[in-house]
Amino acid sequence: MAENIIIGIIFFSALAYLFTVVRKQFSTKSTGCAKGCGGACSTIDFKKIEAEMQKNKQTV
């Protein structure tokens, strides 16, 4: 009887964990890009990076 209760607790805990993982994947709240790392990829200034690369290319 106790074994069944322990197995049930483990099973429902795993089910709850999977539910939260799936819910986070399909959540409408945007936290950045699709990679899910939570980083601020949209704040990268590509024009600044390109200007620095051109500057470094000219000095070499």
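For the single chain, residues carry numbers from 1 onward in sequence order.
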Could you go through residues 46-54 and list every donor-acceptor pair under 3.5 Å that involves a side-chain atom there, pairing it with any protein atom two or more places apart or in another chain?
none

Distance in Å, Leu18 CG paired with Arg23 CZ, rounded so as to fall on 0.5 Å steps:
13.0 Å
Quick one: hydrophobic cluster around Phe19, which other residues, with the 4.5 Å side-chain cut-off, linked directly or via members?
none
How is the hydrophobic cluster of Leu15 composed, in terms of its other members, when Ile, Leu, Val, Met, Phe, Trp and Tyr link through side-chain heavy atoms under 4.5 Å apart, directly or indirectly?
Phe11, Phe12
Applying side-chain contact (heavy atoms from CB on, under 4.5 Å) to Ile5 and not counting sequence neighbours gives Met1, Ile9
